[in-house]
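Worksheet for the structure shown next.
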Amino acid sequence: MKDIIGTSNKYLDINLTDRTWSIYQPEARDLQEYIGGKGLGLKVYYDRLGDRLDSIDPLSPENMLCFMMGIFVGTGAVCSARFEGITKSPLTGLMVTSSCGGEFGLACKTAGYDGVIVTGKSETPVVMRIDEDGVTFEDAGETWGMDTHEVQHHLCKSAKDKAIVIGPAGENQVLYANIASGHRFLGRGGMGAVMGSKNLKAIVARGRAYKIVPADQKLFEKTKKKSNKFIKNNKFSKNYKNFGTNAGVNPGVDKGYAPINNFQQRTDERFRNLSGENMAEKYKTTHSVCMPCSILCGHKGTYPDGKVRQIPEYETIGLFGGNIGNFDPDPIGAWNEEMNNLGMDTISAGSTIGWAMEAGEKGLRSTELKFGKIDNISKILEDIAYKRGEGADLALGTKRLSDKYGGKDFAIQVKGLEMAAYDPRGGWGQGLNYAVNNRGGCHLGSYPIAFEVLLGFLPQYTTLSKAKWVNFLENLYSGINSCHTCLFTGFGYLLEPPIAKFTPKPILKVAMTLLPDVAMKLLDWSLFSEYITAISGNKMGMYEFYRCGNRIHVLERYMNTKMGISAKDDTLPLRFLTEADAGHKVKKVVKLEPMVKNYYKAKGYDKNGLPTPKLMKKLKIEMK
Ligand code: SF4
């Protein structure tokens with residue numbers, strides 16, 4: 001095996017229309033300023049299509065689909081399996097970036113490529129294979145129509161082969177179809193539909209041609225040792241190791257962010273049946289994770305029918321549990337498997353079904369879907385993927401459905417993307433996150449609910465300091481998604497260094513709430529930049545890393561403003577702003593407006609939510 005020191009800096013540039021390819025090499029300055037992964041993907045998209053962003057139909061050959069591996073993958077760094085997808089979303093009409101922990105990333109990188117950029121459209125369904133010699137194209141043949149599990153099994157002939165694939169939902173261009181790699185997914189925003197629109201069934205990378213060697217091996221080993229220690233000692237990581245993301249179920253009941261009946265309520269004791277603790281015992285769970293990983297949040301277990309299945313993530317549990325009035329975890333395991341095989345986003349699917357149930361109750365449209373009725377869920381999932389009957393309607397997602405039938409106030413989406421399973425009335429920072437997040441109703445833009453509830457550093461029901469924390473975490477997470485590593489490393493890396501660890505929690509809590517700028521100074525995220533320095537050989541400090549994250553986040557916002565986004569879109573479904581849950585002891589709704597105003601200030605946007613020329617100049621982003 002030959003060595004690649006740091007990164008190959010080679011990206012496959014593929015045009016499917018004429019089945020040609022070449023090697024693209026970004027400039028050194030772009031690598032320094034945009035890091036890789038999400039950042040570099042957005043920059044490439046902007047450089048090539050930035051002057052006509054608004055006119056690009058996401059499902060046309062013109063749309064570009066980038067898969068960017070980032071710097072960490074292949075090096076053996078902690079939680080380094082991850083890579084990023086970047087495109088214009090057919091669901092939202094905005095930029096969408098998505099992170100995946102599947103093995104395609106490692107195979108692509110060790111085939112010698114840091115990324116794959118796809119444009120055009122194949123005349124007939126196609127499979128692309130990439131190896132150290134380049135790209136070959138073969139007819140998709142019988143694989144067109146296969147589900148995501150079957151097609152990977154069919155195409156990956158050797159242990160060196162790892163793929164990204166679509167299932168029937170992607171082929172049929174369901175607007176929230178996803179892309180699979182192993183049992184991990186580029187989940188949100190309909191990237192699978194973009195791949196389907198290009199007639200691209202799969203990309204198979206044959207890896208292990210190269211070994212990825214960090215430029216500074218000594219620093220790399222030191223950084224890795226420290227990062228492993230921080231993760232091992234961190235309580236949040238331990239909880240995820242034991243119970244996965246479903247460790248969030250019981251706090252959802254206790255603190256009132258659990259989604260019940262399309263978010264009509266925010267707590268229900270029965271929701272506890274779906275907890276990670278309950279499922280660990282019931283299904284005798286073991287780990288099933290991205291590789292490599294030290295946190296180990298993924299699990300699988302044995303269901304009562306004897307089948308071993310992936311344990312669904314908290315989002316799936318929430319949206320196919322309380323959200324549709326179901327409190328039995330058994331069918332959610334089976335539906336999760338079905339959706340993964342069909343290749344569609346479980347969050348958007350669950351939210352759309354929840355909306356349809358409430359719209360049916362209110363007489364807006366006729367449906368057999370009802371809260372608590374679960375015998376027709378499996379069928380509707382298949383009908384969505386194949387766009388049959390009512391499924392063809394639900395394949396549009398909640399925004400388009402509520403435009404068509406009414407019921408916008410309870411369409412649980414922001415900017416066209418269905419919201420995840422945290423009720424924002426249970427954490428106002430999380431509400432701000434949803435409202436301003438670049439890709440729409442996603443929980444992970446800044447994920448403040450972790451600080452508001454899971455870690456308990458910020459009070460739930462206050463607007464104080466939330467704007468500054470959302471801004472800070474967005475910038476940090478944009479950097480993390482560009483290295484690229486798992487967002488969950490952030491908790492150990494931020495909270496285990498000595499100052500944060502040994503400051504008594506009540507003091508840290510007061511500082512984070514009343515003096516956020518001081519509290520941010522107490523935090524140390526140098527592990528991310530140390531890894532970058534060790535792997536690439538280019539020195540980067542933690543504040544430079546943060547600035548890169550800021551630049552990446554603002555570029556994404558700027559691109560979205562070119563597609564019509566402004567302050568009018570930075571809001572929440574009316575339900576969260578006007579309806580307190582009568583069944584919950586705290587009768588409060590989200591006070592969004594002052595948080596959004598403060599957020600624009602923290603970010604350097606004008607009153608209409610647009611990045612100012614001064615900010616763009618400071619971040620060295622060219623305005624188009
Ligand atoms: S913590 Fe979970 S999501 Fe993150 S890399 Fe590990 S298994 Fe994947």
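Atoms considered below: every heavy atom in the structure, side chains included; atoms not considered: hydrogens, waters and symmetry mates. We number each residue from 1, following the sequence as shown. Both counts, for ligands and for their atoms, begin at 1 and track the order of listing.
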Using distance only, find each side-chain donor-acceptor pair of residues 66-78 under 3.5 Å and give its atom names and separation, not counting sequence neighbours.
residue : atom : partner : partner atom : Å
T75     : OG1  : F72     : O            : 2.5
T75     : OG1  : A77     : N            : 3.1

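- Protein nitrogen, oxygen and sulfur atoms, that is N, O or S, within less than 2.8 Å of atom 4 (Fe) of ligand 1 amount to 1.
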Show me the donor-acceptor pairs, under 3.5 Å and distance only, between side chains in residues 490-501 and residues at least two apart or in other chains.
residue : atom : partner : partner atom : Å
E496    : OE1  : K501    : NZ           : 2.7
E496    : OE2  : N234    : ND2          : 3.1

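- The cationic atom of K109 (NZ for Lys, CZ for Arg) does not lie both less than 6.0 Å from the six-membered ring centre of Y210 and within 45° of the ring axis.
- Taking the six-membered ring for Trp and the full ring otherwise, the centers of Y422 and Y314 sit less than 6.0 Å from each other.
- In terms of the salt bridge (Lys or Arg N to Asp or Glu O under 4.0 Å) criterion, residue partners of R309 (sequence neighbours excluded) are, by chain and number, D305, E337.
- For an aromatic pair to be called close, the ring centres must be under 6.0 Å apart, and Y113 with Y11 fails this.
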